[in-house]
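Written below as structure tokens is the structure these notes are about.
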Amino acid sequence: MKKTGCILMAAVLMALILACRGAGKILKSSFTETTTGVPDSGTKKRLVVLDAGHGGMDCGKVGANGIEEKEVNLKITKLTEKFLTQDGIDVVLTRTDDERLADSQVEDLEKRVEIMNESEAALVVSIHQNSYSDPSVSGAQVFYCTGSEEGEAAAGLLQEKLNEMNPEHQKEIKANDTYYILKNTRVPVVIVECGFLSNYEEAEKLAGEEYQTIVAEVVADGVVSYIESGEELFSR
């Protein structure tokens with residue numbers, strides 16, 4: 001009887017072990033689907049790379065008021081990051097301080113593009129300031145890679161927001177196939193020229209925290225609009 005009881009107990013224990021292992025596999029499968037399936041793709045769809053142009057010894061353009069482009073770029077980028085984070089968007093910055101990413105300008109651009117491509121982000125926004133021989137020209141303008149439907153869509157949404165911010169100096173989006181970042185980045189990318197440093201009045205505004213905050217909030221709104229439009233398509 002004792003022997004029979006031991007055998008029966010062993011069988012029950014074995015059944016319990018097998019049941020637990022089966023349940024574990026089911027839980028593991030469920031967890032894998034949750035973390036590597038649609039939600040993971042959705043997470044990528046809410047990731048944005050913000051690229052503050054220039055930095056370090058590369059100051060970019062110098063404004064009519066003496067301000068350096070690299071400084072304005074970084075301040076607007078960090079403010080944009082703050083607004084996007086508040087909206088639940090994950091953000092990667094190509095630079096966080098006044099440094100270039102490599103010794104030469106070419107290597108710096110290559111490193112930026114490497115960060116952008118490896119991120120697999122929903123969108124890359126490169127922040128810059130413009131300049132022109134005619135100091136009367138002003139206004140923000142967005143560039144995208146020629147032939148990129150996603151880039152064009154993102155540029156259009158951003159430009160619309162920027163034009164609302166400055167209705168007296170509206171611009172149209174512009175395709176480009178020569179800018180290094182535009183033609184070498186595999187994910188959707190736009191370059192936002194926030195204003196003309198060659199225009200003294202606009203340079204003065206861009207040098208101030210109040211206007212930088214306004215521009216950053218507008219850029220963030222455009223980015224969120226693009227992300228949300230992508231999520232609508234993704235969920236269909």
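For Gly139 against Asn166, the heavy-atom pair with the smallest separation is CA-ND2, 4.1 Å. Closest non-hydrogen pair, Pro188 versus Gly151, comes out as CB-N, 4.5 Å. For the pair Ser126 and Asp51, the tightest heavy-atom approach, listed with the atom from each and the gap, is OG-OD2, 2.6 Å. Taking both residues in full, the closest heavy atoms of Ala203 and Leu197 are given as CB-O, 3.5 Å, listed atom of the first, atom of the second, then distance. Taking each heavy atom of Asn65 and Ala207 in turn, the nearest pair found is ND2-CB, 3.9 Å. Among all heavy-atom pairs drawn from Val49 and Ser119, the shortest one is CG2-OG, 3.4 Å.
Asn199 places a side-chain N or O within 3.5 Å of a backbone atom of Glu201 that can act as its donor or acceptor partner. In this structure a side-chain-to-backbone donor-acceptor pair under 3.5 Å is missing from Glu202 to Ser138. Judged purely by atom type and a 3.5 angstrom limit, Glu152 has no side-chain atom pairing as donor or acceptor with the backbone of Gly147. The main-chain N or O of Cys145 is never found under 3.5 Å from a side-chain atom of Ser148 such that the two would form a donor-acceptor pair. Between the side chain of Asp177 and the main chain of Thr146, no donor-acceptor pair closer than 3.5 Å is present. At least one donor-acceptor pair under 3.5 Å links the side chain of Ser198 to the backbone N or O of Tyr132. In this structure a side-chain-to-backbone donor-acceptor pair under 3.5 Å is present from Glu193 to Asn130. No donor-acceptor distance shorter than 3.5 angstrom exists from the side chain of Arg112 to the backbone of Arg95, with no hydrogens or angles considered. A donor-acceptor pair under 3.5 Å is formed between the side chain of Ser229 and the backbone N or O of Tyr226. In this structure a side-chain-to-backbone donor-acceptor pair under 3.5 Å is present from Gln159 to Ala140.
Val187 has its side chain out of reach of Val189: every pair of non-hydrogen atoms, C-beta onward, lies at least 4.5 Å apart. Looking at heavy atoms from C-beta onward, Ile76 lies in side-chain contact with Cys194 at the 4.5 angstrom threshold. Inter-residue side-chain proximity for Glu110 and Val106 is flagged as met; some heavy-atom pair is nearer than 4.5 Å. Between Glu81 and Leu93 there is a side-chain heavy-atom pair separated by less than 4.5 Å. Contact annotation: the side chain of Val62 never approaches that of Ile67 to less than 4.5 Å [non-hydrogen atoms, C-beta and beyond]. Lys75 is not listed as a side-chain neighbour of Glu209, based on a closest heavy-atom distance of 4.5 Å or more. Between Leu84 and Leu50, some side-chain heavy-atom pair lies under the 4.5 Å cut-off.
In this structure, the separation between CG on Leu158 and NZ on Lys161 is 9.5 Å, given to the nearest 0.5 Å. Residue Glu69 holds its CD atom at 10.0 Å from CG of Leu206, rounded to the nearest 0.5 Å. Atom CG of Asp58 sits about 8.5 Å away from atom CG of Leu109, to the nearest 0.5 Å. Here the CD1 atom belonging to Ile115 is positioned 5.5 Å from the CG atom belonging to Leu101, to the nearest 0.5 angstrom. Interatomic distance, CD of Gln212 versus OG1 of Thr77, reported as 10.5 Å (0.5 Å rounding). The structure places CD of Glu160 at 11.0 Å from CG of Asp221, a figure rounded to the nearest 0.5 Å.
Follow the hydrophobic side-chain contacts under 4.5 Å out from Tyr211 and you never reach Phe83; the two are in separate clusters. At a threshold of 4.5 Å between side-chain heavy atoms, the hydrophobic network of Ile, Leu, Val, Met, Phe, Trp and Tyr places Leu74 and Leu79 in two separate groups. If you chain together hydrophobic residues whose side chains sit under 4.5 Å apart, Ile173 and Val218 fall into the same group. With hydrophobic clusters built from ILVMFWY side chains whose heavy atoms lie under 4.5 angstrom apart, Phe196 does not share a cluster with Ile127.
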For Glu228 and Ser225, what are the C-alpha separation, side-chain angles and deciding distance, and is it a side-chain hydrogen bond (donor to acceptor under 3.5 Å, both in side chains)? CA-CA 5 Å; Glu228 289 178 347; Ser225 294; 5.4 Å; no
Pair Val92-Val48, side chain to side chain contact (heavy atoms under 4.5 Å, CB included): steps then yes or no: CA-CA 6 Å; Val92 171; Val48 172; over 6 Å; no
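Evaluated for a side-chain contact (heavy atoms from CB on, under 4.5 Å) with Val224, the options Asp87, Val219, Leu157 yield exactly one hit, Asp87. Of the candidates Thr94, Val113, Asn176, Val190, Val113 is the only one forming a side-chain contact (heavy atoms from CB on, under 4.5 Å) with Ile181. Partner of Asn73 under the side-chain hydrogen bond (donor to acceptor under 3.5 Å, both in side chains) criterion, out of Lys78, Glu68, Lys61, Gln129: Gln129 alone.
Looking at Thr213 and Glu210, their side chains never bring a donor and an acceptor atom within 3.5 Å of each other.
Heavy-atom neighbours of Lys171 NZ from other residues, nucleotides or ligands within 6.0 Å: above the threshold of 12. Within a 6.0 Å sphere centred on CG of Asp97, other residues, nucleotides and ligands contribute more than 12 heavy atoms. Open room surrounds CD on Gln105; 12 or fewer heavy atoms of other groups in view lie less than 6.0 Å from it.
Annotation for Tyr200: hydrophobic cluster partners, listed by chain and number, are none (ILVMFWY side-chain heavy atoms under 4.5 Å, direct or chained).
For Lys111 and Glu114, the salt-bridge test passes: some basic side-chain N is under 4.0 Å from an acidic carboxylate O. Remark: Asp98 engages Lys70 in a salt bridge, criterion side-chain N to carboxylate O under 4.0 Å.
Annotation: ring-ring contact (aromatic ring centres under 6.0 Å, His included) contacts involving residues 153-187, sequence neighbours excluded, comprise Phe143-Tyr179. Pairs passing the ring-ring contact (aromatic ring centres under 6.0 Å, His included) check and including a residue from residues 95-130, sequence neighbours excluded, read His54-His128.
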